[in-house]
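Computed over heavy atoms, backbone and side chain alike; hydrogens, waters and symmetry mates excluded. Computed from a prediction, not measured in an experiment: that's the story for all the values here.
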Amino acid sequence: MAAKVCQKLFSTGVCNNSSCRQRHDVQLCRECYLVLPNSEAYAAHCRSAKHLKRRRGLSTLLYCPSCDVPVPFNCWGIHCQGRRHLRESTRLGNSATIEPEELTELPGHNYCSTCSMFVRQDLWTEHPNLPAHKRKLRFSRFAAAFDEAAKDKNGVIVSHQDVGLDLGVVTAEAASQGAVVGHLELKLTVPSARISLVEVIVSSRRARRSPFSVSVTPQALVFGRDLLLSVSFSHSYRGSYATRIEIVFEDTSLRQRFTIVRNVKCLVGEQAEYEALKPVAPYKPKKRNARQPEIDVVPGIAPPSLNAIKYITKLPQFLIPEPVSKALSRGSTEGIIEHFRTSLLPSRLAETTYGRHFKYLLWAEEYRSDQDMQVYDIDNTIFRKDGSFYYLNVPGLAEKRPSVLVGDRIMVQYVGADNGRWFEGRVHRVEQLSIALRFGGSFDGTRRVKIRFKFNRIPLRRQHQALDTVLHPQRLLFPKPEHAIQTTIPSPETVRPQVYNRLIANNPAQLQAVASIVNLPAGSPLFVLFGPPGTGKTVTIVEAILQVLKKDLEAHILACAPSNSAADLITQRLLGHLSNKELFRFYAPSRKGQAPSDLREYTCKNGNDDFTVPSMDVLLKFRVIVSTCVSASFAYNIAVPRGHFTHMFIDEAGQATEPEVMISVKTMADNNTNVILSGDPRQLGPIIRSAVARTLGLEKSFLERIMDREAYDELAGYGITVVKLIQNYRSHFNILDFPNRQFYKGELEPRGDPKIINAFLNTSHLVNPKFPVVFHALSGQDDREATSPSFFNILEALQVKEYIQSLKASTHVRVVDEDFGVIAPYHAQCVKIRAALKTSGVRVGSVEEFQGQEKKIIIISTVRSSPDFINYDLKHTLGFVANPRRLNVAITRAKALLIIVGDPTVLSIDPLWRSFLNYIYLNNGWKGDAPTWNVHEAVRETGGYDEEIRNAAAEDMNEFTRRMEDSTLNNIEALNGEAVDDEENADRPWRELE
């Protein structure tokens, strides 16, 4: 050959380098990684058995960092001996025996996580039908089910969870005499639990009669007394034997059975022979672009508050299983989602598969959250020492980016160290701009260090723990119309004469909700209070709590909400009616010093001023206990008896994930407990960072899933299983009108205080003096800076500032900083607006941060703006601005004045935004350049407006511009969900779950 084959062509199939002098006139077989000299040779190769076998899929590929090429796994040794590899390694200063990295992407191929191989895209559709794939799929499902069954649950711990019971290497003589015996220890960790051992099933995998046997007598487990199961092995022949032992238990109080599984194995042979031939180390390829692991960690000193509560039930680790972690680390988002659907998740969501389904989604969320924490790592900084504490300044701490709580772990390594040794710092204090840490060992705080923030796993571990409990009644998880015990609608007149809050006395829906809740028979299906914006959900819930306590002197209530602010609001509304002997507000110890002053006497603290719990006798006497959904786990972990709470109220349930709600429901409810959810399924659900978990349903709240069921039809189930509040006490009619028609069937009735909602009518701030909504059309430029993927728009930020200054300077209506709320979908824009406002006390935040809040004036900056019409695309141009629920939440926060600043051409490519803009324009609320579209034309719900804009722009462009268009569009189409997900997660706030 006159020239060497172009390596870029070989590895990617494309070489656009016009100055490349290497050979391109060859035929490449990328399945087999062969260079063929001509088309005839290529055709002959394609008929070979080797090629036909390989074309169905490529097994694991490795990546050579020195040569920048993929290498088949079984060719790695040969590759490392090649001249090119040796030359490139020398040039780059790498070792010739450099460790390979595992390749996670290959152009023109999709990765099948089930088969662990790359499959050509044109063969992808037929791959799932191959027998080999189906076999591996069945095995994958079995493995997922086994992993779940192997978990300890319901307070029962069976020894040897991680590796199973290994009877070791035994001689044939010992095995034939039946002298090989091992033991499984069964331990009950919950004192109040009533668990019995029912039976033990030994599976036989290879023979009719298993060489393993277990002798067992059905009996009750006793707290503090371990039960031993003897596993005997008897066989006469050398070999490796394994079986599965299924230990069946019954929770006698609930009359429900559950199983814990353990593998048992035994190797018959000679120990020395076995040791001489066993693998020297397990295979573990290095992941490309992965963090170097924290191999040697010096533990830090934990804060005393972590021991403020003496938990009885141990919280297991629930680490991400290796197959799940491996699946999440490879391929596109779409491929990972498909793998979860086909190989990991159960085929349907039901009572028996409920826990396993959500546990996999939680692991996907944890994996992504841990990755997202890496953006806050600090490469080079230094501590400030004060006594035994080391203070670290953390940029963004005041905005909870990252969110850090007392007790969190921060990993620290000296700059320049590459030995894998890290020091663990434990957070003892969280201040406005810094955190105080304590370290163990011989940590030198004077040296410069790099910082790794670690994702706090405890909230997710609590959710896993709840999902592992045995309770899964249909009436709570999958309620049907026939579950309803109450068949006649209770009359509101039963509670009207004696309401505590006279404001609801003339609201029929609120009275009906209270009457229905108070008269729920024990063991009823879930009751849902559907409360659209500003309709008084929390007021209704508080009234219902007080009425239940009045009617039933034996009632005990657990009231939860996703956030501490929402839980505080419930508590504060109960203050005037319950004493501190009847009402208890539980705070996690990590919230030290953060309780509102009016709630402190309703909490419990120890001698170190840490939040804790009173004695069990005192705790059980409280009529109402209030906590966040996650912190409600304290009751289970300190052994509050199941069924102690007659009622559970979950307020703002639409903002919690389903597993969060299950922390209280699955651990504390019994067959008589009534559960009441309140919230709005039309507003934003919980904040989920993983695109995989979102797509597979973790973003769909428990409330929303339940509202989709037949039993919760707003008409058929009214007063029995659901009540919808319809009187809005927040917003002016014109602010409420569009979301009312779009999301609530026009049923909402504006009942706001005229003095507040009409405050800006007939003022100079409005375009139409009778219409308190303004759209300010502004074609700006969205930008990004440094390494942040978050967008900002300087012109919009300055326009927001001008509106605020103008309103504050007005003599028509007196307003202060607290009257304003500024909403922007991107964190960078929030930062820019805060900088523009300087010392202003105006609250600026994301849509998520404003959910549940209200302000007299709301100003929305939509940020996205682009003059490049060719790139207009609904997904990539608008990002998550084109989200119906975000729009609903944003515009329904305003009481008296709503101002939107944005680029109408960009916004109008989304059908919902186009409808909203038409609504404002036709009501003369428009300021700035007129719309570029016909506002009188019916809006197509199917969209396609982005395509129209692209087509219109393409008509006026020359040949060069059209080539650039094709390239740009191809690049857009090549993007997968993770690219957009990175952008979204940069702006997605962190949920603060203690």
Is [Y] paired with [X] through a side-chain N to carboxylate O contact shorter than 4.0 Å?
X	Y	result
Asp610	Lys592	yes
Lys454	Glu294	yes
Glu658	Arg705	yes
Asp372	Arg368	yes

Query raised in the report: Under 6.0 Å from the NZ atom of Lys700, do we count more than 12 heavy atoms belonging to anything else shown?
Result: yes
Query raised in the report: Any chance CD of Glu322 has more than 12 other-residue heavy atoms, nucleotides or ligands included, within less than 6.0 Å?
Result: no
Find the distance between [atom1] ([X]) and [atom2] ([Y]) and round it off to the nearest 0.5 Å.
X	Y	atom1	atom2	value
Leu696	Glu338	CG	CD	9.5 Å
Asp152	Leu186	CG	CG	9.5 Å
Phe358	Phe702	CZ	CZ	8.5 Å

I'd like to check [X] versus [Y] (side-chain heavy atoms, cut-off strictly below 4.5 Å). Are they in contact?
X	Y	value
Tyr587	Asn564	yes
Arg426	Ile410	no
Gln463	Ile663	yes
Tyr354	Lys359	no

**Report entry** Ring center gap for Phe212 and Tyr241 short of 6.0 angstrom
**Finding:** no
Query - Residues that Gln655 engages under side chain to side chain donor-acceptor pair (under 3.5 Å), provided they are two or more places apart - result: Glu652
Test ring-ring contact (aromatic ring centres under 6.0 Å, His included) applied to [X] - qualifying residues, sequence neighbours left out:
X	result
His644	His556
Phe478	none
Phe249	Phe258
His472	none

Check [X] against [Y] and note the closest heavy-atom contact, atom names and distance.
X	Y	result
Cys629	Pro562	SG-N, 3.8 Å
Val665	Leu471	O-CD2, 3.4 Å
Cys604	Val613	SG-C, 3.7 Å

**Report entry** Parallel, tilted or perpendicular: rings of Tyr360 and Phe340 (30°, 60°)
**Finding:** perpendicular
Requested in this report: Evaluate the side-chain hydrogen bond (donor to acceptor under 3.5 Å, both in side chains) criterion for residues Gln474 and Glu351: first the C-alpha distance (whole Å), next the side-chain angles of each, then the deciding distance (0.1 Å), finally the verdict.
Outcome: CA-CA 7 Å; Gln474 272 200 337; Glu351 299 96 305; 2.8 Å; yes
Report task. Apply salt bridge (Lys or Arg N to Asp or Glu O under 4.0 Å) to the pair Arg457 and Glu366, showing each step before the final yes or no. Result -> CA-CA 8 Å; Arg457 300 186 65 249; Glu366 177 184 342; 2.5 Å; yes
Query raised in the report: Does anything in residues 179-200 pair up under side-chain hydrogen bond (donor to acceptor under 3.5 Å, both in side chains), and if so which pairs, sequence neighbours excluded?
Result: His183-Ser230
Report task. I would like to know whether Asp617 and Ser615 meet side-chain hydrogen bond (donor to acceptor under 3.5 Å, both in side chains); could you show each step before the answer? Result -> CA-CA 5 Å; Asp617 290 342; Ser615 66; 5.4 Å; no
